[in-house]
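Heads up: the structure comes next, in structure tokens.
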2 protein chains.
Amino acid sequence: MSDTHTDVPSVISAPLPIPVPLDEQLACPVGDVLRRAGDRWSVLILVLLGRRSYRFNELHRSIEGISQRMLTRTLRGLERDGLASRTVHPTVPPTVEYDLTPLGRTLLEPLSTLADWAVRHGPEIAAARADHDTHDRANPG
Amino acid sequence: MSDTHTDVPSVISAPLPIPVPLDEQLACPVGDVLRRAGDRWSVLILVLLGRRSYRFNELHRSIEGISQRMLTRTLRGLERDGLASRTVHPTVPPTVEYDLTPLGRTLLEPLSTLADWAVRHGPEIAAARADHDTHDRANPG
DNA sequence: CTGCATCCCGTGCGATACTG
DNA sequence: CAGTATCGCACGGGATGCAG
């Protein structure tokens, strides 16, 4: 953890065939995870479920701006990837409980590493963005 | 780094106002970074530039399947966020060199953490996905 | 309560063609 | 070499309505 020395282990610094082949890109699980994390709701839901289990409408009420459609779709996606679990309790009004799977729980760690970076360097990004927009054109639209 | 004990530090486990307000979501730099990382090309370009500087067509040749349009747009995006730098050398055939900024370089670390997780747990995700698709319906298409 | 179906829009992304 | 312009498709994502 020295100062200017950025030691990057693992995959990122691993040798890479050039040109990076299409197969490699599509088959790579990194792309999968990145896409998941990149959508608008998955990470937020992951974080909420990381604290406790939620029911459907409870999640719906807990996330301002999400539609039922996207909540359903996102949960299905997380479930499909083995990150969240869906438990149906056969009560008279149906009750469905969502939890994080052990796998999903392990994802919180690397996610928090990235989130931490984002929070730390958010101002720098905002500044760079403002600077770029100002110098490039007067009215960014 | 114990076995089943997942200790999640920082942002992810920080207190969160419920319901999570829309402003919070849009203003949050985490969302920004996640979106960037979630697009198809940014991370790959970040990784390449992390090794050495590249020229435009050199990048174009190094990434199979990317269009000029998306290469330009992605590089502009990275540049706008202060993650990559663009240097024009006033030679007779114009030469443009792309590099990682110090900021961009620091992003490689948390990114590699996530990438590492993806590679480690990729099989589990694939298995869960196959299992889900099989049990849910015979023909997923 | 928990969801699926339908309609619609914005945009990410690729293909192609053209310019300094 | 290093881009820009235009087109078109696919998909994420919101609004609304219906159903078990």
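Proteins get letters first, then strands, A, B, ... in listed order; numbering begins at 1 in each. Keep in mind that what you see is a predicted model, and the values were worked out from it rather than measured.
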Taking C/dC4, D/dG3, C/dC1 as options, the one with an atom nearest any side-chain atom of A/P93 is C/dC1
In this structure, CD of A/E64 is separated from CD1 of B/I18 (nearest 0.5 Å) by 11.0 Å
Taken to the nearest whole Å, CD/A/E97 to P/C/dT2 is 11 Å
Within the pair B/Y54 and D/dC1, is there a side-chain N or O less than 4.0 Å away from OP1 or OP2?
no
Basic-acidic side-chain contact under 4.0 Å: A/R80, B/D131: no
B/H89 NE2 to D/dC1 C1', in whole Å, measures 13 Å
Q | A/S112 (side chain) donor-acceptor with A/E109 (main chain) under 3.5 angstrom | A | yes
Rounded to whole Å, the CG-P distance (A/L59 to C/dT2) equals 9 Å
Paired with B/P110, the side chain to side chain contact (heavy atoms under 4.5 Å, CB included) test is passed by just one of B/L107, B/L114, B/L108, namely B/L107
Here the distance between atom P of D/dG13 and atom CD1 of A/I63, to the nearest Å, is 13 Å
Can you tell me if CZ on B/R51 sees more than 12 non-hydrogen neighbours from other groups inside 6.0 Å?
yes
Atom CG of A/L71 and atom C1' of C/dA5 are separated, to the nearest Å, by 17 Å
Its contact letters, B for base, S for sugar-phosphate only and - for none at protein heavy atoms under 4.0 Å, make nucleotides 13-20 of chain C read BBB-B--B
Whole-Å distance, A/F56 CZ to D/dA19 P, equals 18 Å
Practice task
Would you tell me if any nitrogen or oxygen in the side chain of A/Y98 comes within less than 4.0 Å of OP1 or OP2 on C/dC1?
Solution key: no
Side chain to side chain contact (heavy atoms under 4.5 Å, CB included) between A/R40 and B/R35, intermediate numbers included | CA-CA 8 Å; A/R40 187 166 170 185; B/R35 298 289 281 198; 4.0 Å; yes
Between CG of B/L78 and P of C/dG12 the distance, given in whole Å, is 14 Å
Scanning both residues in full, the closest heavy-atom pair of B/L103 with A/H121 reads CD1-ND1, 3.4 Å
Rounded to whole Å, CZ of A/R76 lies from C1' of D/dC11 at a distance of 19 Å
